[in-house]
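Please read the structure below before turning to the comments.
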Amino acid sequence: MILSIESSCDDSSIAITHIEDNQLIFHKKISQEKEHACYGGVVPELASRLHAIDLPNILEACKPYLPQLKAVAVTNQPGLGVTLLEGIAMAKTIAMVQNIPLLAVHHLKGHIYSLFIGKEQILPLLVLLISGGHTQVIRVESLEKMTILATSIDDSVGESFDKTAKMMNLGYPGGPIIEKLALQGDENRFDFPVPLRNSPLLAFSLSGLKNAVRLAIESLGGASELSHQDQCDISASFQKAVKLHLIQKSKKIFATEPIKEFAIVGGASANMYIRNAYQQLCKEYGKTLHTAPLEFCSDNAAMIGRYAVEAYKKGLFTDPYQIDIVQTKKQQIGALL
Ligand code: KG4
Ligand code: ZN
């Protein structure tokens with residue numbers, strides 16, 4: 001069995017995965033959403049202190065499995081430096097005390113492997129990763145060969161949902177709130193621009209759309225003046241523009257990529273409106289859509305453990321004395337994959 005730890009942002013999570021059959025034996029996650037909600041986003045120092053309390057508590061429940069561990073895995077990039085360090089300190093300690101190998105896991109690769117929890121991997125695969133930190137289309141050929149085909153030049157999809165919710169004082173995280181309000185909204189009331197609609201650029205951009213939402217809120221007198229229906233209509237119109245943007249750029253990629261298996265992963269892949277649009281698109285292009293169970297779309301240690309099983313089989317170990325966080329600029333993350 002492999003014990004895996006995730007602490008790259010505001011979720012403390014530990015999982016135990018069976019190496020032979022990829023089955024998830026144990027999984028627990030403590031989210032800090034409530035603690036960060038009043039700030040409208042994640043406060044790194046607060047997140048770090050909460051990990052220092054929650055991770056040891058979760059580990060207590062793993063005690064019966066410790067003698068059976070063959071390796072320990074931990075997210076070491078990308079993420080918030082001070083929160084990654086909490087998971088790394090725990091993983092290093094377990095590796096040394098138990099005298100077992102350590103696996104450093106790239107968080108985004110973990111998101112991709114959320115598709116294969118309890119299952120065999122399906123490769124090659126085209127993946128749209130939409131999370132709070134990233135928006136990318138990735139061609140996944142093997143554990144080591146992953147190529148970024150398109151990436152966001154500014155905000156990520158999840159971030160744009162969070163900021164839209166924040167501008168209307170709706171709380172954090174914004175994704176599920178906006179999706180729910182949009183169900184009662186008129187998606188045609190606001191004609192928000194579809195980002196990069198007339199650009200040949202194979203990239204994503206969400207910051208201009210965010211600005212258009214801000215102007216619409218201001219034109220209605222500001223957040224405090226919005227009626228419930230205004231909030232629903234803004235949410236629906238915003239979500240529609242995001243969908244059209246993702247679909248337009250994905251069509252360009254689908255036109256040239258012959259890989260039949262397509263997946264959406266990351267926190268924002270829980271959005272049913274976006275999932276349904278991709279279901280339709282995949283049908284049009286003869287591709288099969290794969291998604292992770294809703295509970296594994298947002299950050300969790302089960303996906304880190306599933307990736308770690310494959311890394312373990314290939315012997316991709318890290319020296320516990322050498323492991324550290326890898327700090328990267330957003331634009332460079334693609335290069336690291
Ligand atoms: O993958 P994740 O848990 O963390 C990162 O790796 O960044 O993604 C979190 C993001 C947040 O921005 C959140 O608002 C967004 O995923 N999200 C959603 C939905 N559920 C979560 N965005 C749109 N619709 C949703 N239903
Ligand atoms: Zn994530």
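Atoms within a ligand are numbered from 1 in the order they appear, just like the ligands themselves. Quick caveat, the model's predicted, so the values are computed rather than measured.
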What does the contact table look like for ligand 1 (nitrogen or oxygen on each side, cut-off under 3.5 Å)?
{"unit_1": "ligand 1", "atom_1": "1 (O)", "unit_2": "His111", "atom_2": "NE2", "d": "3.1"}
{"unit_1": "ligand 1", "atom_1": "1 (O)", "unit_2": "Gly267", "atom_2": "N", "d": "2.9"}
{"unit_1": "ligand 1", "atom_1": "1 (O)", "unit_2": "Asp299", "atom_2": "OD1", "d": "3.2"}
{"unit_1": "ligand 1", "atom_1": "3 (O)", "unit_2": "Asp299", "atom_2": "N", "d": "3.0"}
{"unit_1": "ligand 1", "atom_1": "3 (O)", "unit_2": "Asp299", "atom_2": "OD1", "d": "3.3"}
{"unit_1": "ligand 1", "atom_1": "4 (O)", "unit_2": "Asp299", "atom_2": "OD1", "d": "3.2"}
{"unit_1": "ligand 1", "atom_1": "4 (O)", "unit_2": "Asp299", "atom_2": "OD2", "d": "3.3"}
{"unit_1": "ligand 1", "atom_1": "6 (O)", "unit_2": "His107", "atom_2": "NE2", "d": "3.2"}
{"unit_1": "ligand 1", "atom_1": "6 (O)", "unit_2": "His111", "atom_2": "NE2", "d": "3.4"}
{"unit_1": "ligand 1", "atom_1": "6 (O)", "unit_2": "Asp299", "atom_2": "OD1", "d": "3.1"}
{"unit_1": "ligand 1", "atom_1": "7 (O)", "unit_2": "Gly132", "atom_2": "N", "d": "2.8"}
{"unit_1": "ligand 1", "atom_1": "7 (O)", "unit_2": "Gly133", "atom_2": "N", "d": "3.0"}
{"unit_1": "ligand 1", "atom_1": "8 (O)", "unit_2": "Gly132", "atom_2": "N", "d": "3.3"}
{"unit_1": "ligand 1", "atom_1": "12 (O)", "unit_2": "Gly158", "atom_2": "O", "d": "3.1"}
{"unit_1": "ligand 1", "atom_1": "12 (O)", "unit_2": "Asp162", "atom_2": "OD1", "d": "3.4"}
{"unit_1": "ligand 1", "atom_1": "12 (O)", "unit_2": "Asp162", "atom_2": "OD2", "d": "2.7"}
{"unit_1": "ligand 1", "atom_1": "14 (O)", "unit_2": "Asp162", "atom_2": "OD1", "d": "2.7"}
{"unit_1": "ligand 1", "atom_1": "14 (O)", "unit_2": "Gly175", "atom_2": "N", "d": "3.0"}
{"unit_1": "ligand 1", "atom_1": "16 (O)", "unit_2": "Ala268", "atom_2": "N", "d": "3.4"}
{"unit_1": "ligand 1", "atom_1": "20 (N)", "unit_2": "Gly267", "atom_2": "O", "d": "3.4"}
{"unit_1": "ligand 1", "atom_1": "24 (N)", "unit_2": "Asn271", "atom_2": "ND2", "d": "3.1"}
{"unit_1": "ligand 1", "atom_1": "26 (N)", "unit_2": "Glu179", "atom_2": "OE1", "d": "2.8"}

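- Side-chain N/O atoms of Thr75 and Glu6 include a donor and acceptor closer than 3.5 Å.
- The existence of a salt bridge linking Glu218 and Arg214 is confirmed by a sub-4.0 Å separation between a basic side-chain nitrogen and an acidic carboxylate oxygen.
- Tyr321 belongs to a hydrophobic cluster whose remaining members, ordered by chain and number, are Met96; membership requires side-chain heavy atoms of ILVMFWY residues under 4.5 Å apart, directly or through intermediates.
- A centroid separation of less than 6.0 Å is found between the aromatic rings of His245 and Phe204.
- Inspection of the environment of the Zn ion (ligand 2) yields the following protein N, O or S atoms under 2.8 Å: His107 NE2, His111 NE2, Asp299 OD1.
- Note: Phe238 and Phe161 meet the aromatic proximity criterion, with ring centroids under 6.0 Å apart.
- Judged by the 6.0 Å and 45° rule, Lys287 forms a cation-pi pair with Phe254.
- Aromatic ring centres of Tyr307 and Phe116 lie farther apart than the 6.0 Å criterion allows.
- In this structure, the ring of Tyr39 has its center no less than 6.0 angstrom from the ring center of Tyr172.
- Checked against ring pair (Phe, Tyr, Trp, His ring centres under 6.0 Å), Phe296 has the following partners two or more places apart in sequence or in another chain: His27.
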